[in-house]
Protein chains: 2
Amino acid sequence: MSQIGTLATVARSSSGESVLERVVRVLEAFTPSDRALTVGELSRRAGLPAATGSRMVADMVEHGLLARDADRRVRVGTRLWELASRASPTLSLRELAMPVLEELHGHVGHHVQLGVLDGEQVLFVERLSADQAVINYTRIAARLPLHASSSGEVLLAHAPADLQEQVLAGPLARFTPFTITDPAVLRRRLADIRRDGFVVCCGFLHPEATGIAVPVRDEHRQVAAAVSVIVPNDERARDHIAPLAAAARRIEQRLSAP
Amino acid sequence: MSQIGTLATVARSSSGESVLERVVRVLEAFTPSDRALTVGELSRRAGLPAATGSRMVADMVEHGLLARDADRRVRVGTRLWELASRASPTLSLRELAMPVLEELHGHVGHHVQLGVLDGEQVLFVERLSADQAVINYTRIAARLPLHASSSGEVLLAHAPADLQEQVLAGPLARFTPFTITDPAVLRRRLADIRRDGFVVCCGFLHPEATGIAVPVRDEHRQVAAAVSVIVPNDERARDHIAPLAAAARRIEQRLSAP
DNA sequence: ACGGCCTGCCCATTGAATGGGATCGCCGTT
DNA sequence: AACGGCGATCCCATTCAATGGGCAGGCCGT
């Protein structure tokens with residue numbers, strides 16, 4: 001009697017997950033260091049059966065969300081970026097801010113970043129880097145925690161009260177000996193930021209880097225983004241506050257203009 | 001006898017379309033001029049029944065692909081951009097090229113663009129604009145036809161043979177009296193580009209704008225992108241070729257370096 | 001108060017998506 | 001050359017997630 005392959009009807013079909021969930025998981029499987037993946041590796045990372053992964057990749061390639069390399073490996077497609085960028089309010093903010101950021105960058109000669117609040121993190125939408133400057137630990141489309149980055153603190157200071165409480169309540173991860181992990185201290189800093197209109201974060205994320213950030217307000221005076229500069233610790237942070245504030249004001253003008 | 005609502009079992013469920021198709025159509029419904037849409041309008045544009053549209057929007061919002069405005073209208077979410085940008089090979093090219101583009105931009109003082117080949121069009125991944133310069137008719141994430149833009153001609157000249165034939169065969173849309181619509185002329189220009197390493201397009205898209213473009217090659221000497229400058233017609237185009245070529249070479253160095 | 005419009009929920013219905021297994025092709029090793 | 005391992009795709013019976021009319025509640029301008 002043939003036993004193998006006849007062991008009752010095994011559970012087939014259905015996954016208990018929406019297609020969207022899986023599409024997002026597939027996209028999340030790619031990272032800056034793993035930009036090209038085989039279908040197998042991709043399926044593994046996304047937690048999908050090989051057959052399902054294969055089919056999903058084929059579909060996503062057909063719709064331009066993924067692209068196949070010459071060596072059959074898979075990458076994220078440019079069409080996805082196009083769809084995401086074309087009508088994104090955040091990206092149009094970026095585009096408006098660009099000329100100002102360029103000028104600021106030419107002036108200060110260090111990393112210049114534009115970040116927005118997304119969930120419980122800062123998401124950097126633009127970054128003009130200075131080759132010779134302090135270590136690079138952010139990229140475009142990278143995220144940083146709100147309590148340990150200058151942009152993050154600025155955005156948190158002007159965020160809805162419930163988000164502030166949530167962050168203050170949750171554990172505050174430590175990155176260096178200087179990272180602020182005491183909620184009470186953070187709360188005081190946030191009040192200071194609202195009063196002063198800027199913040200200086202010395203070695204919170206990386207012991208040798210200082211971040212300085214100011215808020216950018218939209219036409220309704222709501223804080224929509226933060227501009228920041230990353231400088232080595234030995235540089236006088238105070239000198240950069242005025243140019244930063246001036247840049248923020250120029251971006252605000254361009255936001256209101258058209 | 002109640003007639004209404006009893007007229008036999010109406011066809012329900014199923015659409016004959018994959019979820020992905022619809023997700024893409026929803027995203028396509030947004031344009032730079034319509035960045036926020038009501039659920040109703042969105043459903044209409046994407047060709048979806050109201051109920052289905054409502055549910056899809058809810059799902060997509062939950063996964064961060066869309067975001068809801070304060071006034072209940074819908075926008076594209078930043079998370080989508082993040083997923084698209086984080087691991088995109090094209091975007092990392094952009095990031096590498098940025099410092100060079102910045103410098104070039106400061107030097108020439110006109111629109112500077114970085115475009116890649118995508119399907120049968122150029123897709124612009126970066127654009128540094130000059131406020132006072134000629135009319136803006138491209139944006140980031142915008143597309144232009146291959147035969148009528150300087151970047152397009154450069155990319156087409158180095159594209160696979162079958163794509164070249166396809167474009168040469170298809171109708172060549174006319175935008176100005178100067179647009180090249182004769183396949184034979186275009187074919188000759190492509191050969192010239194391969195020989196010269198640059199192209200000048202005078203008034204092909206807009207009667208008063210001239211585009212100048214050069215190719216950027218990756219580590220395998222394959223053309224991966226095109227850098228272009230847009231100048232007013234009365235400016236001497238020739239003067240910009242050398243700086244452009246120099247910029248392209250510097251980008252190529254940075255592509256091969258790490 | 002009324003009509004138009006937008007929105008989201010309900011729920012019977014069903015076809016699109018599923019995943020185990022078989023197949024095919026490509027390596028490097030025996 | 002034959003083998004074994006691996007990765008990718010195909011096949012197809014199975015089934016549940018997605019579907020879309022209908023309906024009700026909310027909002028606005030008239």
Side-chain angles (χ1 to χ4, degrees), chain A residues 1-27 29-30 34 36-63 65-75 77, chain B residues 1-27 29-30 34-63 65-75:
Chain A
M1 289 171 69
S2 67
Q3 287 204 347
I4 300 168
T6 329
L7 284 169
T9 44
V10 196
R12 218 171 291 169
S13 105
S14 148
S15 54
E17 299 175 305
S18 70
V19 179
L20 237 94
E21 233 164 82
R22 303 180 140 200
V23 168
V24 172
R25 275 224 310 283
V26 166
L27 292 174
F30 295 93
D34 298 293
L37 298 171
T38 63
V39 176
E41 177 61 18
L42 186 54
S43 304
R44 220 166 297 125
R45 292 191 186 201
L48 297 173
T52 308
S54 176
R55 219 172 342 101
M56 275 196 55
V57 168
D59 287 354
M60 289 176 75
V61 166
E62 195 184 346
H63 291 91
L65 306 191
L66 297 179
R68 263 186 222 273
D69 238 343
D71 56 347
R72 296 177 124 218
R73 293 202 300 178
V74 180
R75 296 165 172 272
Chain B
M1 292 169 64
S2 67
Q3 288 206 342
I4 300 170
T6 328
L7 283 171
T9 44
V10 197
R12 219 171 290 168
S13 105
S14 146
S15 54
E17 297 176 307
S18 70
V19 179
L20 234 91
E21 232 165 83
R22 303 180 141 198
V23 168
V24 172
R25 277 225 307 286
V26 166
L27 293 174
F30 295 93
D34 298 293
R35 282 190 226 143
L37 299 171
T38 63
V39 176
E41 177 62 16
L42 186 53
S43 304
R44 221 168 296 123
R45 292 192 186 202
L48 297 173
T52 307
S54 176
R55 220 170 342 98
M56 276 196 54
V57 168
D59 288 352
M60 289 176 75
V61 166
E62 195 185 343
H63 291 89
L65 307 190
L66 298 179
R68 265 187 220 274
D69 238 342
D71 55 348
R72 297 180 123 218
R73 292 201 302 177
V74 180
R75 295 167 174 271

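Proteins get letters first, then strands, A, B, ... in listed order; numbering begins at 1 in each.
- In this structure, A:Met56 atom CE and C:dT18 atom P are separated by 7 Å, rounded to whole Å.
- Of the possible polar contacts, one joining the A:Arg25 side chain to the A:Ala46 backbone as a donor-acceptor pair under 3.5 Å is found.
- Note: B:Arg22 CZ to A:Leu20 CG = 12.5 Å, rounded to the nearest 0.5 Å.
- With rounding to whole Å, B:Arg73 atom CZ is found 16 Å from D:dC27 atom C1'.
- In this model, the phosphate group of C:dC6 is approached by a side-chain N or O of B:Arg44 to a distance below 4.0 Å at OP1 or OP2.
- Closest to the side chain of A:Pro49, from the set C:dG19, D:dG21, C:dT18, is C:dG19.
- Among D:dG20, D:dA8, D:dA18, the nucleotide with an atom closest to any side-chain atom of B:Arg22 is D:dG20.
- A side-chain donor-acceptor contact under 3.5 Å links B:Arg45 to the backbone of B:Ala29.
- A straight line from CD of B:Glu41 to P of C:dT7 spans 10 Å, rounded to a whole angstrom.
- Checking B:Val19 against A:Ser54, the closest nucleotide of DNA chain D that is more toward the 5' end is the one next to A:Ser54.
- Within 4.0 Å (heavy atoms only), A:Ala50 reaches at least one base atom of the nucleic acid.
- Counting any heavy atom pair closer than 4.0 Å across all strands shown, B:Arg55 reaches a base atom.
- For D:dC6, the OP1/OP2 oxygens have no side-chain nitrogen or oxygen of A:Arg72 closer than 4.0 Å.
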